[in-house]
Structures are given as structure tokens and as C-alpha cells.
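The structure appears right after this line, and notes come after that.
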There are 2 protein chains.
Amino acid sequence: MSVRSELLKGILNGCVLAIIEKETVYGYELSAKLQKVGLDDVSEGTIYPVLLRLQKNNWIVGEMRASESGPRRKYYTLTADGEEALELIRSEWGKLAVPVTALLKGEVEHGDH
Amino acid sequence: MSVRSELLKGILNGCVLAIIEKETVYGYELSAKLQKVGLDDVSEGTIYPVLLRLQKNNWIVGEMRASESGPRRKYYTLTADGEEALELIRSEWGKLAVPVTALLKGEVEHGDH
DNA sequence: ACAACTACCTTGCGTCACAAAGTAGCAATA
DNA sequence: TATTGCTACTTTGTGACGCAAGGTAGTTGT
């Protein structure tokens, strides 16, 4: 398994929620959105399980709508629980990302031998 | 499983490697180091499997040494492979952390409806 | 002797990212 | 009207992960 995949773990939930919060999207288009944001190579085999998970947690709801061209699409919207979860993720990410970045850059003094 | 635990996934390898790169440490003291850095509540049940993993990957090597007080300690040092792995993790983290932070803050335009 | 602390290791659980493969609708061309 | 290709969703299986819980020893202090 790639380094990248490991780092992604647990982050994807928040990314998907953040995108859905801003605009209603359907699954197939999410990989394009994520790519645009800088997260390349997030395939359908990853996206759809994420969406199922979020639905199961009652964080998003899906609604089937017809498309002008092509198959029907399942559009997702954030629930109140989803908003709450996203806020929690934002908070936890903030508490993690800063110290981890500093640690990886070697900017942290953790001496005391 | 907690939001925090999910976010931690895959990040811990890099954090532990970064600490060991700076100074030789033994397992039991690592949780204290991590806490000092801002990563609270990383218990032994997490630490030791991580160290076993890193050893199995040949990223670190452990050496038993006597202690002036208490049981013997297993001190870990980075290998050349470990340095290489850490550099890869640093690179991947850099490519991930920035866009994810921006996305969670809602600072990203991903429109085009 | 006994308790408390240090230090290490293992087992088991649920979750995750992802490749791979499958299903099906629609569009276009021949 | 076949057939090719794109869109769009779903399922299965694999290996790795975080971590609580429990276990084994050695050391120190009383």
C-alpha cells in the first residue's frame, strides 16, 4: 500500500463532507472535484464506499435525479449530523495538522535526554 | 472509532520516524515525546505495533541497552531505508496537508455547476 | 515479602483506502 | 440495429492501520 494511501486514511471523510457542504454533488463527479482541489487519483473504488459510509452514519443523504444526458445521478446533501461531524473533523484536523507538519519539518524541540 | 484515530492513520509512521531521526529513543518514552509534540493519548498498544512495523520494513533498528534504573530498554535508530521512507512521507504529507487544510476551511473554489 | 513502577510484547476488533470487476443506461456512428 | 464508448453506481476482497485490553518481566522502595 502506498504512503499516500495511508496518509489519506480518515482524511477523505472530511474532504468529501467539505465539498458536499459547499455544493450538492453526485458520486461520479466527486473524483473530478477532488482532483481539482489537489487530491489526485481518488478512484470510484474509493469514492463510493466513502459515500456509503457517510450515508450509513446519517451524515449525508442521497437523492436520485434524472440527467439531461446519461444515466440518473445520485446527488448528496449534508444533514444536520453531517454538519456537526464536519465541524468535529475540522477541529481535530486543526489540532493534528499543525504539530505534525512542524514535527516532520524538524521544527520541534523534544529533547530532554 | 474516534475521528481522531481515523485522522491519525498513516501519520504515525512519519511522526515516529521524525522523532527517531532526531534522537535515539526507546519505545516506552515515545508516547511522552509524542505528547510533548502535541499528539496526546498515543498509548503503548499503539506505539509498539508501530515500532514492530517499522522494524519489519527495515526502517529502524532496535538495540537493547541496560538502564541505570529499571528494566533494559530497546533503543531505536533510523536506517538508510528509514531516511528514505521519511523523505517520501515528508513529500507526500506536504502535498496533502496544504490542500486538505484549505478545503476544510472552505478556501477552495471548486465550482463549475 | 510486597507493592509500584518501568518497559516491552501480543491479541482481537473495527475501520480504512483501493483495485478490480460487475451492472446498467444513454449517445454516437456505422 | 448492432456496436462501441461514455457515464454512473455498486460490490467484493485485500492488506494496513489505531488502539483497547491483557500479559510478561525486571527494578525500586518500604
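All of these numbers come straight from a predicted model, not from anything done at the bench. All heavy atoms count here, side chains included; hydrogens, waters and symmetry mates do not. Throughout, a chain's letter reflects where its sequence line sits, starting with A, and its residues are numbered from 1.
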CG of B:L7 versus P of D:dC17: gap in Å, rounded? 16 Å
Applying the 4.5 Å side-chain criterion to the ILVMFWY set and letting contacts propagate, would B:L88 and A:I11 be lumped into a single cluster? yes
Tell me the interatomic distance from B:R73, atom CZ, to C:dC5, atom P, rounded to whole angstroms. 16 Å
If the sugar-phosphate is the primed atoms plus P, OP1 and OP2 and the base is the rest, what is the B/S/- string for nucleotides 9-18 of chain C, using protein heavy atoms under 4.0 Å? BB---BBBBB
Taking CD in B:E83 as the centre, count heavy atoms belonging to other residues, nucleotides or ligands within less than 6.0 Å. Is the count above 12? yes
Can a salt bridge be assigned to the pair A:E23 and A:K33 using a cut-off of 4.0 Å between side-chain N and carboxylate O? yes
Are any of the side-chain nitrogens in B:R65 or B:E63 under 4.0 Å away from the carboxylate oxygens of its partner? yes
Separation of C:dT6 atom P from B:E29 atom CD, nearest Å, is 13 Å
Gap between atoms CD1 and P, on B:I47 and D:dA21 respectively (whole Å): 17 Å
Between A:W59 and A:T79: side-chain donor-acceptor atoms closer than 3.5 Å: no
For the pair made of CD1 in A:I60 and C1' in D:dC9, what is the distance, rounded to whole Å? 13 Å
Should B:E6 and B:R4 count as an ion pair when the cut-off is N to O under 4.0 Å? no
What is the separation between atom CZ on A:R72 and atom P on C:dA27, rounded to the nearest whole Å? 15 Å
Over all heavy atoms of both residues, which pair between A:L8 and B:L96 is shortest? Give the atoms and the distance, please. N-CD1, 4.1 Å
Could you check how far OH of B:Y28 sits from C1' of C:dA4, rounded to whole Å? 11 Å
Take the C1' atoms of the five end pairs on each side of the helix from C:dA1-D:dT30 to C:dA30-D:dT1, get both axes, and report the angle to 10 degrees. 0°
Inspect the contact between B:E29 and B:K36 and indicate whether a charged nitrogen and a carboxylate oxygen are less than 4.0 angstrom apart. no
